[in-house]
2 protein chains.
Amino acid sequence: MSTEARYDRMLRDAALRVTRPRRAVLAAVHAHPHADAETVMTAVRRDVGAVSHQAVYDVLRALTDAGLVRRIQPPGSPARYESRVGDNHHHLVCRSCGAIADVDCAVGEAPCLTAAEHHGFEIDEAEVVYRGLCPRCAAAPVS
Amino acid sequence: MSTEARYDRMLRDAALRVTRPRRAVLAAVHAHPHADAETVMTAVRRDVGAVSHQAVYDVLRALTDAGLVRRIQPPGSPARYESRVGDNHHHLVCRSCGAIADVDCAVGEAPCLTAAEHHGFEIDEAEVVYRGLCPRCAAAPVS
DNA sequence: GGCATTTCTTGACTCGTTCCAGAATGACCG
DNA sequence: CGGTCATTCTGGAACGAGTCAAGAAATGCC
Ligand SMILES: [Mn+2]
Ligand SMILES: [Mn+2]
Ligand SMILES: [Zn+2]
Ligand SMILES: [Zn+2]
(Lines give C-alpha, C1' and ligand atoms only; values in the text may rest on other atoms or scores of the structure.)
(Ligands and ions follow the chains in the order given, each with its own letter.)
Protein backbone atom coordinates (compact mmCIF):
# COMPACT_ATOMS: atom_id res chain seq x y z
CA MET A 1 0.00 0.00 0.00
CA SER A 2 1.37 3.40 -0.99
CA THR A 3 1.99 6.03 1.65
CA GLU A 4 -0.78 8.11 0.19
CA ALA A 5 -3.20 5.23 0.37
CA ARG A 6 -2.19 4.71 3.97
CA TYR A 7 -3.03 8.30 4.84
CA ASP A 8 -6.37 7.92 3.09
CA ARG A 9 -7.02 4.86 5.15
CA MET A 10 -6.13 6.62 8.38
CA LEU A 11 -8.54 9.42 7.56
CA ARG A 12 -11.37 7.08 6.65
CA ASP A 13 -10.79 4.98 9.73
CA ALA A 14 -11.14 8.14 11.77
CA ALA A 15 -14.46 8.85 10.04
CA LEU A 16 -13.00 11.84 8.24
CA ARG A 17 -13.65 12.52 4.58
CA VAL A 18 -10.59 12.29 2.44
CA THR A 19 -9.70 15.66 1.00
CA ARG A 20 -6.60 17.02 -0.67
CA PRO A 21 -5.72 19.36 2.23
CA ARG A 22 -6.26 16.67 4.81
CA ARG A 23 -4.08 14.19 3.04
CA ALA A 24 -1.41 16.85 2.55
CA VAL A 25 -1.50 18.06 6.15
CA LEU A 26 -1.33 14.52 7.45
CA ALA A 27 1.63 13.83 5.19
CA ALA A 28 3.36 17.05 6.26
CA VAL A 29 2.98 16.26 9.94
CA HIS A 30 4.46 12.83 9.31
CA ALA A 31 7.32 14.30 7.30
CA HIS A 32 8.13 17.11 9.75
CA PRO A 33 7.91 15.97 13.35
CA HIS A 34 7.22 18.79 15.85
CA ALA A 35 6.57 21.33 13.09
CA ASP A 36 4.45 24.39 13.77
CA ALA A 37 1.36 25.37 11.75
CA GLU A 38 3.39 27.75 9.61
CA THR A 39 5.83 25.02 8.61
CA VAL A 40 3.00 22.59 7.93
CA MET A 41 1.33 25.20 5.76
CA THR A 42 4.47 25.78 3.72
CA ALA A 43 5.03 22.06 3.23
CA VAL A 44 1.42 21.50 2.26
CA ARG A 45 1.53 24.26 -0.34
CA ARG A 46 4.77 23.02 -1.82
CA ASP A 47 3.14 19.61 -2.05
CA VAL A 48 -0.33 20.30 -3.42
CA GLY A 49 -0.50 24.01 -4.22
CA ALA A 50 -2.82 26.61 -2.76
CA VAL A 51 -4.42 25.76 0.55
CA SER A 52 -5.84 28.42 2.79
CA HIS A 53 -4.53 29.43 6.15
CA GLN A 54 -7.87 28.54 7.67
CA ALA A 55 -8.05 25.13 6.01
CA VAL A 56 -4.71 24.20 7.53
CA TYR A 57 -5.84 25.23 11.00
CA ASP A 58 -9.18 23.47 10.57
CA VAL A 59 -7.52 20.29 9.38
CA LEU A 60 -4.95 20.35 12.16
CA ARG A 61 -7.77 20.66 14.64
CA ALA A 62 -9.79 17.87 13.02
CA LEU A 63 -6.77 15.57 12.94
CA THR A 64 -5.93 16.42 16.53
CA ASP A 65 -9.49 15.82 17.69
CA ALA A 66 -9.54 12.53 15.81
CA GLY A 67 -6.34 11.48 17.55
CA LEU A 68 -4.36 11.20 14.33
CA VAL A 69 -1.94 13.89 15.39
CA ARG A 70 -0.85 15.30 18.70
CA ARG A 71 -0.54 18.99 19.51
CA ILE A 72 2.28 20.17 21.73
CA GLN A 73 2.20 23.68 23.14
CA PRO A 74 5.58 24.79 24.39
CA PRO A 75 5.34 28.09 26.28
CA GLY A 76 6.60 30.98 24.22
CA SER A 77 6.48 29.19 20.90
CA PRO A 78 3.61 28.38 18.57
CA ALA A 79 1.96 24.98 18.85
CA ARG A 80 3.78 22.05 17.29
CA TYR A 81 2.26 18.95 15.74
CA GLU A 82 3.50 15.40 15.55
CA SER A 83 2.31 12.07 14.25
CA ARG A 84 3.56 9.97 17.15
CA VAL A 85 0.39 9.48 19.11
CA GLY A 86 -0.77 7.13 21.79
CA ASP A 87 2.62 6.23 23.21
CA ASN A 88 2.71 8.86 25.95
CA HIS A 89 6.25 9.93 25.08
CA HIS A 90 7.90 13.05 26.45
CA HIS A 91 9.99 15.89 25.08
CA LEU A 92 13.35 17.52 25.30
CA VAL A 93 13.18 21.25 24.52
CA CYS A 94 16.16 23.47 23.75
CA ARG A 95 16.03 26.69 25.74
CA SER A 96 17.97 28.51 23.09
CA CYS A 97 16.60 27.47 19.69
CA GLY A 98 13.39 25.70 20.62
CA ALA A 99 14.40 22.42 19.00
CA ILE A 100 12.37 19.46 20.23
CA ALA A 101 13.42 15.84 20.54
CA ASP A 102 11.43 12.82 21.62
CA VAL A 103 12.11 10.89 24.80
CA ASP A 104 10.43 7.56 25.27
CA CYS A 105 8.40 7.22 28.40
CA ALA A 106 9.68 4.50 30.67
CA VAL A 107 6.13 3.54 31.54
CA GLY A 108 4.50 4.11 28.17
CA GLU A 109 1.02 4.98 29.31
CA ALA A 110 -0.51 7.91 31.13
CA PRO A 111 -0.18 8.89 33.86
CA CYS A 112 3.37 7.66 34.15
CA LEU A 113 4.17 9.53 37.34
CA THR A 114 2.28 9.87 40.57
CA ALA A 115 2.07 13.17 42.40
CA ALA A 116 3.02 13.22 46.05
CA GLU A 117 -0.10 15.16 46.99
CA HIS A 118 -2.97 15.24 44.54
CA HIS A 119 -5.11 17.86 46.34
CA GLY A 120 -8.24 16.00 45.33
CA PHE A 121 -7.46 16.28 41.62
CA GLU A 122 -8.32 13.31 39.40
CA ILE A 123 -5.07 13.11 37.52
CA ASP A 124 -5.07 11.39 34.14
CA GLU A 125 -1.79 12.51 32.69
CA ALA A 126 1.69 13.49 33.76
CA GLU A 127 3.54 15.49 31.16
CA VAL A 128 7.28 15.79 31.43
CA VAL A 129 9.30 18.43 29.63
CA TYR A 130 13.06 18.32 29.90
CA ARG A 131 14.70 21.66 29.28
CA GLY A 132 18.27 22.42 28.39
CA LEU A 133 20.52 23.04 25.43
CA CYS A 134 20.52 21.00 22.26
CA PRO A 135 23.91 19.77 21.03
CA ARG A 136 24.20 22.59 18.49
CA CYS A 137 23.35 25.36 20.93
CA ALA A 138 25.56 23.87 23.63
CA ALA A 139 28.48 23.87 21.21
CA ALA A 140 27.77 27.35 19.84
CA PRO A 141 30.03 30.22 20.95
CA VAL A 142 28.51 32.44 23.62
CA SER A 143 26.25 34.81 21.74
CA MET B 1 9.95 43.05 60.22
CA SER B 2 6.70 44.08 58.52
CA THR B 3 5.60 42.37 55.35
CA GLU B 4 6.08 45.61 53.47
CA ALA B 5 9.59 46.01 54.75
CA ARG B 6 10.29 42.45 53.72
CA TYR B 7 9.20 43.15 50.15
CA ASP B 8 11.38 46.26 50.10
CA ARG B 9 14.29 44.18 51.22
CA MET B 10 13.68 41.57 48.55
CA LEU B 11 13.64 44.27 45.89
CA ARG B 12 16.81 45.94 47.15
CA ASP B 13 18.59 42.61 47.46
CA ALA B 14 17.74 42.00 43.82
CA ALA B 15 19.26 45.39 42.91
CA LEU B 16 15.85 46.78 42.02
CA ARG B 17 14.75 50.22 43.10
CA VAL B 18 11.87 50.17 45.50
CA THR B 19 8.84 51.79 43.91
CA ARG B 20 5.19 51.79 44.74
CA PRO B 21 4.19 49.65 41.76
CA ARG B 22 6.96 47.14 42.41
CA ARG B 23 6.08 46.73 46.05
CA ALA B 24 2.40 46.38 45.19
CA VAL B 25 2.97 43.83 42.41
CA LEU B 26 5.27 41.79 44.60
CA ALA B 27 2.65 41.83 47.36
CA ALA B 28 -0.12 40.88 44.91
CA VAL B 29 1.85 37.92 43.58
CA HIS B 30 2.45 36.75 47.13
CA ALA B 31 -1.21 37.19 48.00
CA HIS B 32 -2.60 35.50 44.87
CA PRO B 33 -0.58 32.44 43.91
CA HIS B 34 -0.80 31.53 40.21
CA ALA B 35 -2.67 34.74 39.33
CA ASP B 36 -2.53 36.13 35.81
CA ALA B 37 -1.45 39.66 34.91
CA GLU B 38 -5.02 40.90 34.86
CA THR B 39 -5.67 39.68 38.40
CA VAL B 40 -2.39 41.14 39.61
CA MET B 41 -3.31 44.47 38.02
CA THR B 42 -6.69 44.54 39.74
CA ALA B 43 -5.17 43.67 43.12
CA VAL B 44 -2.45 46.26 42.73
CA ARG B 45 -4.94 49.00 41.91
CA ARG B 46 -7.18 48.10 44.80
CA ASP B 47 -4.12 48.30 46.99
CA VAL B 48 -2.32 51.45 45.90
CA GLY B 49 -4.54 53.13 43.32
CA ALA B 50 -3.76 53.91 39.71
CA VAL B 51 -0.96 51.92 38.16
CA SER B 52 -0.63 51.66 34.41
CA HIS B 53 -1.05 48.56 32.36
CA GLN B 54 2.55 48.73 31.16
CA ALA B 55 3.92 49.38 34.59
CA VAL B 56 2.40 46.09 35.73
CA TYR B 57 3.79 44.19 32.77
CA ASP B 58 7.17 45.91 33.15
CA VAL B 59 7.31 45.11 36.84
CA LEU B 60 6.27 41.50 36.33
CA ARG B 61 9.05 41.14 33.82
CA ALA B 62 11.59 42.80 36.08
CA LEU B 63 10.61 40.62 39.03
CA THR B 64 10.68 37.51 36.88
CA ASP B 65 14.09 38.38 35.45
CA ALA B 66 15.36 39.05 38.96
CA GLY B 67 14.14 35.67 40.09
CA LEU B 68 11.73 37.09 42.67
CA VAL B 69 8.72 35.62 40.91
CA ARG B 70 8.22 32.71 38.59
CA ARG B 71 6.19 32.84 35.41
CA ILE B 72 4.14 29.81 34.42
CA GLN B 73 2.71 29.60 30.93
CA PRO B 74 -0.07 27.03 30.73
CA PRO B 75 -1.07 26.37 27.13
CA GLY B 76 -4.31 28.08 26.29
CA SER B 77 -4.35 30.43 29.24
CA PRO B 78 -2.54 33.68 29.97
CA ALA B 79 0.70 33.55 31.92
CA ARG B 80 0.46 33.04 35.67
CA TYR B 81 2.83 34.33 38.31
CA GLU B 82 3.82 32.94 41.67
CA SER B 83 6.16 33.79 44.50
CA ARG B 84 7.35 30.26 45.24
CA VAL B 85 10.69 30.24 43.51
CA GLY B 86 13.76 28.13 43.74
CA ASP B 87 12.14 25.02 45.13
CA ASN B 88 11.59 23.29 41.80
CA HIS B 89 7.99 22.43 42.60
CA HIS B 90 5.52 21.15 40.04
CA HIS B 91 1.91 21.81 39.12
CA LEU B 92 -1.46 20.20 38.91
CA VAL B 93 -3.62 21.78 36.21
CA CYS B 94 -7.36 21.34 35.84
CA ARG B 95 -8.31 20.53 32.25
CA SER B 96 -11.71 22.07 32.72
CA CYS B 97 -11.32 25.33 34.66
CA GLY B 98 -7.58 25.91 34.52
CA ALA B 99 -7.13 25.89 38.29
CA ILE B 100 -3.54 25.33 39.36
CA ALA B 101 -2.27 23.66 42.52
CA ASP B 102 1.28 23.14 43.73
CA VAL B 103 2.89 19.76 44.06
CA ASP B 104 6.13 19.49 45.96
CA CYS B 105 8.97 17.93 44.08
CA ALA B 106 10.21 14.78 45.73
CA VAL B 107 13.76 15.72 44.84
CA GLY B 108 13.53 19.47 45.33
CA GLU B 109 16.17 20.56 42.90
CA ALA B 110 16.42 20.53 39.14
CA PRO B 111 16.58 18.35 37.22
CA CYS B 112 14.57 15.98 39.35
CA LEU B 113 14.13 13.37 36.65
CA THR B 114 16.55 11.83 34.22
CA ALA B 115 15.62 11.21 30.63
CA ALA B 116 16.16 7.75 29.21
CA GLU B 117 17.87 9.10 26.11
CA HIS B 118 19.18 12.66 26.16
CA HIS B 119 20.04 12.94 22.45
CA GLY B 120 23.07 15.02 23.32
CA PHE B 121 21.02 17.66 25.12
CA GLU B 122 22.47 19.23 28.26
CA ILE B 123 19.40 18.94 30.44
CA ASP B 124 19.13 21.29 33.40
CA GLU B 125 15.48 20.96 34.31
CA ALA B 126 12.65 18.48 34.23
CA GLU B 127 9.25 20.10 34.44
CA VAL B 128 6.27 17.99 35.35
CA VAL B 129 2.68 19.01 34.73
CA TYR B 130 -0.07 16.77 36.04
CA ARG B 131 -3.33 17.20 34.20
CA GLY B 132 -6.80 16.19 35.24
CA LEU B 133 -9.86 17.53 36.96
CA CYS B 134 -9.88 19.62 40.10
CA PRO B 135 -12.24 18.51 42.89
CA ARG B 136 -14.88 21.08 41.92
CA CYS B 137 -14.87 20.19 38.23
CA ALA B 138 -14.82 16.46 38.94
CA ALA B 139 -17.90 16.87 41.13
CA ALA B 140 -19.71 19.19 38.71
CA PRO B 141 -22.61 17.75 36.69
CA VAL B 142 -21.69 16.86 33.12
CA SER B 143 -21.90 20.12 31.22
C1' DG C 1 -27.13 12.81 -11.26
C1' DG C 2 -29.24 15.06 -7.42
C1' DC C 3 -29.11 16.56 -2.72
C1' DA C 4 -27.81 17.15 1.91
C1' DT C 5 -23.80 17.50 4.49
C1' DT C 6 -19.28 18.80 5.12
C1' DT C 7 -15.45 21.52 3.95
C1' DC C 8 -13.04 25.45 2.05
C1' DT C 9 -12.23 30.46 1.19
C1' DT C 10 -11.88 35.11 2.50
C1' DG C 11 -11.28 38.42 5.54
C1' DA C 12 -12.24 40.41 9.82
C1' DC C 13 -11.38 39.89 14.52
C1' DT C 14 -9.83 38.41 19.28
C1' DC C 15 -6.56 38.02 23.13
C1' DG C 16 -2.59 38.67 25.80
C1' DT C 17 1.26 40.94 25.36
C1' DT C 18 4.88 44.00 23.63
C1' DC C 19 6.59 48.20 21.63
C1' DC C 20 6.72 53.14 21.12
C1' DA C 21 7.55 58.10 22.19
C1' DG C 22 7.88 61.78 24.93
C1' DA C 23 7.03 63.84 29.32
C1' DA C 24 6.78 63.45 34.33
C1' DT C 25 8.19 61.34 38.48
C1' DG C 26 10.85 59.96 42.14
C1' DA C 27 14.64 56.68 44.12
C1' DC C 28 19.06 56.63 45.55
C1' DC C 29 23.91 58.29 45.80
C1' DG C 30 26.99 61.58 47.33
C1' DC D 1 19.75 68.68 49.71
C1' DG D 2 20.51 68.17 44.84
C1' DG D 3 21.52 65.77 40.56
C1' DT D 4 20.85 62.06 37.80
C1' DC D 5 19.05 58.37 35.73
C1' DA D 6 15.92 54.51 36.30
C1' DT D 7 11.17 54.07 36.30
C1' DT D 8 6.52 55.15 35.37
C1' DC D 9 2.74 57.36 32.92
C1' DT D 10 -0.34 58.38 28.97
C1' DG D 11 -2.32 56.69 25.02
C1' DG D 12 -1.51 54.59 21.52
C1' DA D 13 -0.37 51.24 17.87
C1' DA D 14 1.14 46.86 16.69
C1' DC D 15 2.03 42.00 17.32
C1' DG D 16 1.52 36.78 16.42
C1' DA D 17 -1.12 32.90 16.81
C1' DG D 18 -5.19 31.48 16.36
C1' DT D 19 -10.49 31.80 15.82
C1' DC D 20 -14.98 33.33 13.99
C1' DA D 21 -18.42 34.17 10.38
C1' DA D 22 -20.78 33.80 6.05
C1' DG D 23 -21.08 32.31 1.79
C1' DA D 24 -19.18 29.31 -2.02
C1' DA D 25 -17.63 24.90 -3.31
C1' DA D 26 -16.92 20.16 -2.98
C1' DT D 27 -17.98 15.52 -1.49
C1' DG D 28 -20.35 11.27 0.03
C1' DC D 29 -24.22 8.79 -0.52
C1' DC D 30 -28.28 6.99 -2.77
MN1 LIG E 1 7.28 14.00 20.02
MN1 LIG F 1 3.24 26.93 42.01
ZN1 LIG G 1 19.15 24.56 20.45
ZN1 LIG H 1 -11.41 22.67 37.59
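Just so you know, these numbers use all the heavy atoms, side chains as well, and skip hydrogens, waters and symmetry mates. Within every chain, numbering begins at 1; the chains are lettered A, B, ... in the order of the sequence lines, protein sequences first and strands thereafter.
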Query raised in the report: CD1/A:I72 to CZ/A:R80 distance, rounded to the nearest 0.5 angstrom?
Result: 8.0 Å

Report task. Measure the spacing between CG of A:L26 and CG of A:L63 and express it to the nearest 0.5 Å. Result -> 5.5 Å

Query - B:I123-A:L133 co-clustered via ILVMFWY side chain contacts under 4.5 Å - result: no

Query raised in the report: Is DNA chain C part of any stem, that is, at least 3 consecutive Watson-Crick or G-U pairs with both distances under 3.5 Å, and where?
Result: C:1-30 with D:1-30

Report task. Applying ring-ring contact (aromatic ring centres under 6.0 Å, His included), name anything that partners A:H53, two or more places apart in sequence or on another chain. Result -> A:Y57

Query raised in the report: Is B:L68 linked to B:V85 within one hydrophobic cluster, defined over Ile, Leu, Val, Met, Phe, Trp and Tyr using a side-chain heavy-atom separation of less than 4.5 Å?
Result: no

**Report entry** Rounded distance (nearest 0.5 Å) linking atom CD of B:E122 with atom SG of A:C137
**Finding:** 10.5 Å

Query raised in the report: With sequence neighbours excluded, what pairs up with A:V48 under the side chain to side chain contact (heavy atoms under 4.5 Å, CB included) test?
Result: A:R20, A:A24, A:V44, A:V51

Query raised in the report: Same hydrophobic cluster for A:M41 and A:V29, using side-chain heavy-atom links shorter than 4.5 Å among ILVMFWY?
Result: yes

Query raised in the report: Between A:C134 and B:F121, what is the shortest heavy-atom contact and its length?
Result: CB-CZ, 3.6 Å

Requested in this report: Tell me, with the steps shown, if A:H32 and A:V40 meet side chain to side chain contact (heavy atoms under 4.5 Å, CB included).
Outcome: CA-CA 8 Å; A:H32 304 90; A:V40 169; over 6 Å; no

Report summary line: ring-ring contact (aromatic ring centres under 6.0 Å, His included) filter on A:H91, not counting sequence neighbours, yields A:H34, A:H89

Report summary line: Contact check, residues 60-75 of chain A vs DNA chain D, heavy-atom distance under 4.0 Å, returns A:R61

Requested in this report: If a pair satisfies salt bridge (Lys or Arg N to Asp or Glu O under 4.0 Å) and one of its residues is in residues 40-63 of chain B, list it, with sequence neighbours excluded.
Outcome: none

Report summary line: The salt bridge (Lys or Arg N to Asp or Glu O under 4.0 Å) partners of A:R71 (sequence neighbours excluded) come to none

Query - B:E82 side, atom CD; B:H30 side, atom NE2 - distance, nearest 0.5 Å - result: 10.5 Å

Report summary line: Here the residues of residues 14-42 of chain A within 4.0 Å heavy-atom distance, strictly under, of DNA chain C are A:R17, A:T19, A:P21, A:R22

Report summary line: DNA chain D: first to last nucleotide in contact with chain B (atom under 4.0 angstrom from a heavy atom), 5' to 3', is D:dC5 to D:dG12

Query raised in the report: With a cutoff of under 4.5 Å between side-chain heavy atoms, which Ile, Leu, Val, Met, Phe, Trp and Tyr residues group with A:V93?
Result: A:I100, A:V129

Query - Terminal contacting nucleotides, 5' and 3', DNA chain C versus chain B (heavy atom, 4.0 Å) - result: C:dG16 to C:dC28

Report task. Please work out which residues in residues 45-58 of chain B have a non-hydrogen atom less than 4.0 Å from an atom of DNA chain C and list them by number. Result -> B:H53, B:Q54, B:Y57

Query raised in the report: Do B:L16 and B:Y81 share a hydrophobic cluster, counting only Ile, Leu, Val, Met, Phe, Trp and Tyr and linking them when any side-chain heavy atoms are less than 4.5 Å apart?
Result: yes

Query raised in the report: Do A:R17 and A:L11 come within less than 4.5 Å of each other through their side chains, counting heavy atoms only?
Result: no

